[in-house]
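Since the structure comes first, as C-alpha cells, the remarks are kept for the end.
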Amino acid sequence: MTEQSNTLLVTCALPYANGSIHLGHILEHIQADIYVRFQRMLGRQVYFVCADDQHGTPIMIKAQKLGRTPEDIIGEMENEHRRDFAGFEISYDHYYRTNSPENREISEKLYTTLRDRGYIQVKKISQLFDPEKKMFLPDRFVKGTCPKCHAEDQYGDNCECCGATYSPADLINPRSVISGATPVMQESEHYFFDLPQFDAFLKDWIASGTIPREMANKLQEWFDSGLQQWDISRDAPYFGFQIPGTENKYFYVWLDAPVGYLASFKNFMDSKGICFEDFLKQDSDSEMVHFIGKDILYFHSLFWPAMLHGAGCRVPDHLYVHGYVTVNGAKMSKSKGTFIKAATYLKHFDPECLRYYYASKMNGKIDDLDLNLPDFVARTNSDLVNKLVNLASRTAVFITRKFQGRLADTLDAPELLESFTAAKEEIAAGYQSREYSALIRKVMDLADSANRYVDEKEPWVLAKDAGRDAELQRICTTCLNLYRVLITYLSPVLPKLARDSAAFLKTDLDWNSLDRALLGTEISPFKALFKRIDMKSVEAMINDSLQDLKDLSAQESKGSASRKSEKKEKKAEQSGEAAPETVTIDDFARLDLRAARVISCEEVPESDKLLKFRLDLGNGEERQVFSGIKSAYPAPAALIGRFVIMIYNLAPRKMRFGISEGMILSAGSGNKDIFLLSADAGVKPGDRVA
RNA sequence: GGCUACGUAGCUCAGUUGGUUAGAGCAUCGCACUCAUAAUGCGGGGGUCACUAGUUCGAUUCUAGUCGUAGCUACCA
C-alpha cells in the first residue's frame, strides 16, 4: 500500500429518484461499502456519502402524470432508497439529495466561476417544442415514425427496430409523448460548457492512474473523435436549479448530479462543524474516490473533472469502475423475473448472502458480474454455514457444556493461529485493490485448514475421557480463536455476522488486535449465527419480481446510458423464452404490406450486408429499398423479376448509400438462412397483403 | 463491418513474467468420522486451458488468423 492521505471521501453514483433500487445498483454500493468499512478498520478518516439524484424532465413529467409535486415524489423515493441501502448494511455517513440548498449553492458557484473564466458559451439551437405544454422536449419525449424504416412509435433519438440514430426533428409525424401535440421547431439559447479547452488537462488526468488502464484506452476513442461542447442548460419548465443570470434557464440534471456528491458532503461537514471548503481546494491533501458503473464513465471522466479543474477545485483521485450485473448468465430481465428490486430481495434473503456472493466474485475489474442463483445458494450454504460458522458451532458446544463457557488460558496450536494472523497483509492488500474474490478465497482456504485441524484433534473423542479435559479446552479455544480471526477478516463484507460473532465471543473484533489471542474469557452459548438458504426462496423471489413488473414498467430513466440498457433489456426479452405479445387485427391493419416486383437488384460494394433493390409497386410507382440479406443472396441479379413482399408504409430511412423506402420481408434465422417471402403466381405489383 | 475485451473441468471462477503430471469451490462417486445448522476429513473420476497456423528446445501462457460471446460504433427498415 502506498502512502495515503488519512482523509478519504468515498461516493457511489447517485441513484435517480425515478425508480427503485435493484440488485444492479446494490453491487456498487456493496463494493464501496466493503472498501469503506475496511478503510475505517485501518483507522482512516473516511466519509462515505451518497444522495438521491432528483432533478430533470422525467421527474417533472412523472409528477404531472400523478398530479403531485416533484418534491412530493422525490421525498418518497428518497425514503425508499434510504431504507433499501440500510437494509443491505450500506454504512453511509450521510445520504442526502441533489434538490438541496447546498447543491444549489455549489452548482451556482462552480458555474459562475467557470463562466467568469471563459468556459461557458451561449449558442442558439433549434429544438422540438411542445406547443400545448409550452416546453422543449428531450429526445426521449418525442415519438414518431422512424424516418429510415418507417417503424412507428419510435423515440426521438434512435429507432429500436433498425437501430438508426437521428435527430427528433427527422421523425415522421412526430408527437409529444406528454401531450400528444405535434411539436414544432423552436429556437432557444443554450449554455455550453467548453469541454474542448480541457483536452490536454483531461489526457494528463486520465494518464495519471485515476482510472484503470483498460478504461483509459476506451477514453482515447473519445479524444480521437474530438471533445464536444456540452449543453448544460435546459429551458423552463424544468425541475432543477435556475442558472444564475438567466430568466428561464436551468441546469441540466447531469450538471448538478455529480455536484450532489459535494453537496451531501458539505451538509454533513457543516453539521459536524468541519470546514468543507478546505476539502475542495486544489491542493487539498484529502483523497476523493468515486465508485461508478461503466455506463456513466463518460460523465465522470470528462465533464466532472474538467468542471472542477476549470473552477480551480481539486479533482477526483480515482474512479473505481465496475460492470453490470447479469442474472443466470443473462441480462436482468423483467419478463423472466430476474430484474430484482433490492426490497424484493430483502423479503426473501439475508443481505449478507448477497454481500458475500458479490464479494466472492469481485475482482476490481470492469467485467460484468454474474449472479448465478443456484450457485448463489450453494456458495452461501457451503462457505458461510458449512465451513465458516461451523467452526464455531462444532467447538463452542464443548466450551459451554464442559467449561461453563470459559476459554482455556493457553492454546493448543499457537503456530496455527499465527499462520492465520500472518495472512493479514495479504487480506488487506485484497481489500485495498478491491480484489475481494482473491481475499475471500484466501479466507476460505484458511477455514478449510481450521476444519482439518478440528478433524485431526477429534475433540469429540477427548470429550469422553474426563482426564483429557484440559486438552479439549485448549483445542476448542484454539479453534474459536481461528474463527475469530477469520470473521474479523470478513467483517467488512459481513458486518452483521461480525457483530453477532463478537457478541457470541464477548469481545471486540478489530484489525489491530488480531494477533492477541482470546484466552481465559467467557463466551456465550452458541446459537445459530447464519441460516441456510434454499432454491425455494429463490423461486419465491423470482415470482415476486414478476409481480413487480407493472410497477417497474412505469420506471423511467434519464441518461442515454440507462436508455441503452433499457434497449438491451428489450433485446434480451426478445431472444428469451417470453411469449410474443398478441396483437389485434387493428394492429395488423396498420401495416400496409404489398407485393412488389424486383426491377433491379445489386450489391452495395462498400457494405457487408446490404443489397439495393428497385421495386415495381404498380401504377408506375417505383421504390428503392435496402435490405441486409447479402449473406443469403450472393447473386443478386438472380432476384430480378421475382416478387417480394414489402412494408409499404414504413417511414423512409436515410442510409449512407441513399434513402431506403420500405422493408423487404424475409424469414429465417439469419446469415445464410434468410429466405425472401413471395406470393404465388398471379400476383401483380402493388397488390395489398391482407 | 470496425475497434476493444473475453473464451480454462457439468456450474462459478483462479492461475500461467513460456518450462516437469493445469488449480479451487460447488456438483458427482467411494471411504472415514459423528462434535456441529444432514455439517467435516480423506481419496477418485472429470479439462486436446475455443479452433488453426506460426515463433521457440518447449505455448494453455507470445504472434497471426478463424469461430463464439459482450461492449462501443457503423450501413443491415
Side-chain angles (χ1 to χ4, degrees), chain A residues 145-151 154 159 161-165 214-215 217-218 220-222 224-225 294-295 323-324 326 328-329 331 357 360-361 363 365-372 374-387 389-398 401 435 437-438 440-441 444-445 447-448 450-464 472 475-476 479 526-532 564 568 604 606-612 625-631 646-647 650-665 670 674:
Chain A
T145 302
C146 169
K148 184 168 188 179
C149 70
H150 290 202
Q154 296 304 317
C159 172
C161 295
C162 65
T165 54
E214 42 182 337
M215 289 316 272
N217 293 337
K218 185 147 201 89
Q220 192 56 45
E221 291 173 26
W222 294 335
D224 290 345
S225 57
K294 59 186 181 184
D295 53 333
Y324 301 130
T326 57
N328 292 338
K331 288 179 185 89
Y357 188 74
S360 76
K361 297 182 99 168
N363 55 13
K365 297 194 190 134
I366 56 155
D367 304 336
D368 291 352
L369 188 152
D370 186 42
L371 168 58
N372 183 286
D375 188 48
F376 163 71
V377 171
R379 184 147 210 136
T380 301
N381 292 339
S382 118
D383 284 10
L384 258 26
V385 182
N386 299 355
K387 285 183 184 174
V389 172
N390 186 226
L391 286 171
S393 171
R394 68 191 305 201
T395 49
V397 280
F398 296 113
R401 278 185 212 152
E435 292 173 89
S437 63
I440 297 261
R441 262 200 312 284
M444 279 308 135
D445 194 44
D448 284 342
N451 273 308
R452 225 173 288 139
Y453 164 75
V454 176
D455 262 57
E456 280 164 16
K457 294 290 178 173
E458 300 184 313
W460 55 92
V461 174
L462 303 189
K464 287 168 189 154
L472 173 65
I475 290 165
C476 294
C479 185
F526 182 82
K527 280 182 287 186
L529 290 167
F530 211 95
K531 279 203 198 102
R532 279 203 179 69
K564 270 171 192 153
K568 280 175 232 148
V604 180
E606 312 91 273
S607 159
D608 300 305
K609 301 188 179 175
L610 288 182
L611 296 181
K612 183 164 99 176
V625 177
F626 289 92
S627 184
I629 59 171
K630 191 193 266 188
S631 57
M646 74 170 292
I647 303 177
L650 195 58
R653 168 82 170 180
K654 184 165 175 286
M655 295 171 63
R656 209 170 93 197
F657 319 102
I659 308 271
S660 186
E661 305 164 306
M663 173 173 172
I664 294 173
L665 301 187
I674 300 175

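To find a chain, count down the sequence lines: A is the first, B the second, and so on, and within it residues start at 1. Scope of the values below: all heavy atoms of this structure, side chains included, with no hydrogens, waters or symmetry mates.
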For this session: Using atom CG of A/Asp367 as one end and atom P of B/G71 as the other, report the distance to the nearest whole Å.
Result: 13 Å
Problem set entry | Rounded P spacing from B/G30 to B/C67 in Å | 45 Å
Exercise. Taking the same atom, C1', in B/C13 and in B/A27, what whole-Å distance lies between them?
Worked result: 15 Å
For this session: Looking at every strand, decide which applies to A/Asn451 at a 4.0 Å heavy-atom threshold: base, sugar-phosphate, or nothing.
Result: sugar-phosphate
For this session: For A/Asp445, answer base if it contacts any base atom (sugar-phosphate contacts may also be present), sugar-phosphate if it contacts only those atoms, and nothing otherwise; contact means non-hydrogen atoms under 4.0 Å.
Result: nothing
Problem set entry | Separation of atom CD1 in A/Ile475 from atom C1' in B/C35, rounded to whole Å | 12 Å
Problem set entry | Nearest-angstrom distance, P atom, B/U8 to B/C72 | 23 Å
Problem set entry | Atom NZ of A/Lys294: over 12 foreign heavy atoms under 6.0 Å | yes
Exercise. So what does A/Lys387 hit on the nucleic acid, given a heavy-atom distance under 4.0 Å: a base, only sugar-phosphate, or nothing?
Worked result: sugar-phosphate
Problem set entry | Whole-Å gap separating P (B/U34) and CD (A/Glu458) | 8 Å
For this session: Write down the distance between CG (A/Leu384) and C1' (B/A39), rounded to a whole number of angstrom.
Result: 14 Å
Exercise. What pairs with A/Tyr453 under ring-ring contact (aromatic ring centres under 6.0 Å, His included), at least two apart in sequence or on another chain?
Worked result: none
Exercise. Is A/Asp448 close to A/Lys387 at the side-chain level, that is, under 4.5 Å between some pair of heavy atoms?
Worked result: yes
Problem set entry | Rounded P spacing from B/C42 to B/G15 in Å | 24 Å
Problem set entry | Earlier contact from the 5' end, RNA chain B, for A/Ser382 and A/Pro459 | A/Ser382
Exercise. Just checking A/Phe376: base, sugar-phosphate only, or nothing, at a heavy-atom cut-off of under 4.0 Å?
Worked result: nothing
Exercise. So what does A/Leu529 hit on the nucleic acid, given a heavy-atom distance under 4.0 Å: a base, only sugar-phosphate, or nothing?
Worked result: base
For this session: Apply side-chain hydrogen bond (donor to acceptor under 3.5 Å, both in side chains) to A/Ser437 and list each qualifying residue two or more places apart in sequence or on a separate chain.
Result: none
Seminar exercise, completed: Residues at least two apart in sequence or cross-chain that pass side-chain hydrogen bond (donor to acceptor under 3.5 Å, both in side chains) with A/Asn372, listed by chain then number, are none
Exercise. Rounding to the closest angstrom, what is the interatomic distance between B/U28 and B/G10 at atom C1'?
Worked result: 9 Å
Exercise. Yes or no on side chain to side chain contact (heavy atoms under 4.5 Å, CB included) for A/Ile647 and A/Leu665, after CA distance, side-chain angles and deciding distance?
Worked result: CA-CA 8 Å; A/Ile647 303 177; A/Leu665 301 187; 3.9 Å; yes
Exercise. Which residues pass the side chain to side chain contact (heavy atoms under 4.5 Å, CB included) test with A/Arg394, sequence neighbours left out?
Worked result: A/Asn390, A/Asn451, A/Val454, A/Asp455, A/Trp460
Exercise. Does the side chain to side chain contact (heavy atoms under 4.5 Å, CB included) test come out yes or no for A/Thr380 and A/Phe530, once each step is laid out?
Worked result: CA-CA 10 Å; A/Thr380 301; A/Phe530 211 95; 3.9 Å; yes
Problem set entry | Closest nucleotide among B/G41, B/G25, B/A14 to the A/Asn363 side chain | B/A14
For this session: Could you give the distance separating B/A50 and B/U17 at their C1' atoms, to the nearest angstrom?
Result: 24 Å
Seminar exercise, completed: When rounded to whole Å, the CG to P distance for the pair A/Leu369 and B/C13 reads 7 Å
Exercise. What nucleic acid atoms does A/Val461 come within less than 4.0 Å of, heavy atoms only: base, sugar-phosphate, or nothing?
Worked result: nothing
Protein N or O to nucleotides 7-12 of chain B N or O, pairs below 3.5 Å:
{"unit_1": "B/U12", "atom_1": "O3'", "unit_2": "A/Lys361", "atom_2": "NZ", "d": "2.7"}
{"unit_1": "B/U12", "atom_1": "O2'", "unit_2": "A/Lys361", "atom_2": "NZ", "d": "2.8"}
{"unit_1": "B/U12", "atom_1": "O2'", "unit_2": "A/Asp375", "atom_2": "OD2", "d": "3.4"}

For this session: Please report the C-alpha distance between A/Ser627 and A/Met663 in whole Å, then the side-chain angles of each, then the deciding distance to 0.1 Å, and finally whether the side chain to side chain contact (heavy atoms under 4.5 Å, CB included) criterion is met.
Result: CA-CA 7 Å; A/Ser627 184; A/Met663 173 173 172; over 6 Å; no
For this session: Could you check whether A/Val397 gets within reach of a base, just the sugar-phosphate, or nothing at all, counting any heavy atom under 4.0 Å?
Result: sugar-phosphate
Problem set entry | Spacing between A/Lys457 atom NZ and B/U40 atom C1', to the nearest angstrom | 17 Å
Exercise. If you measure from the P atom in B/G45 to the same atom in B/A22, how many Å do you get, rounded?
Worked result: 13 Å
For this session: In whole angstrom, give me the gap between the P atoms of B/U40 and B/A36.
Result: 14 Å
Exercise. Would you say the side chains of A/Tyr324 and A/Asp295 form a donor-acceptor pair under 3.5 Å?
Worked result: no
For this session: Would you mind reading off the distance between A/Asp383 atom CG and B/C26 atom P, rounded to a whole angstrom?
Result: 7 Å
For this session: Could you tell me whether A/Ala528 contacts a base, only the sugar-phosphate backbone, or nothing, with contacts defined as non-hydrogen atoms closer than 4.0 Å?
Result: base
Exercise. Closest to the A/Asn390 side chain: B/C26, B/C35, B/A39?
Worked result: B/A39
For this session: Ignoring backbone atoms, establish whether A/Asn386 has a side-chain N or O less than 4.0 Å from OP1 or OP2 of B/A36.
Result: no
Problem set entry | Rounded distance (nearest 0.5 Å) linking atom CG of A/Asp368 with atom OG1 of A/Thr326 | 6.0 Å
For this session: Nearest-nucleotide wise, let me know which of A/Arg452 and A/Ser437 is further upstream toward the 5' end of RNA chain B.
Result: A/Ser437
For this session: In whole angstrom, give the distance that lies between atom CE of A/Met444 and atom P of B/C26.
Result: 11 Å
Exercise. Under a cut-off of 3.5 Å for both distances of each Watson-Crick or G-U pair, what dot-bracket string does RNA chain B give, using [ ] for crossing pairs and | for inter-strand pairs?
Worked result: (((((((..((((.....[...)))).(((((.......))))).....(((((..]....))))))))))))....
Seminar exercise, completed: OG1 of A/Thr395 to NZ of A/Lys457, rounded to nearest 0.5 Å, is 14.0 Å
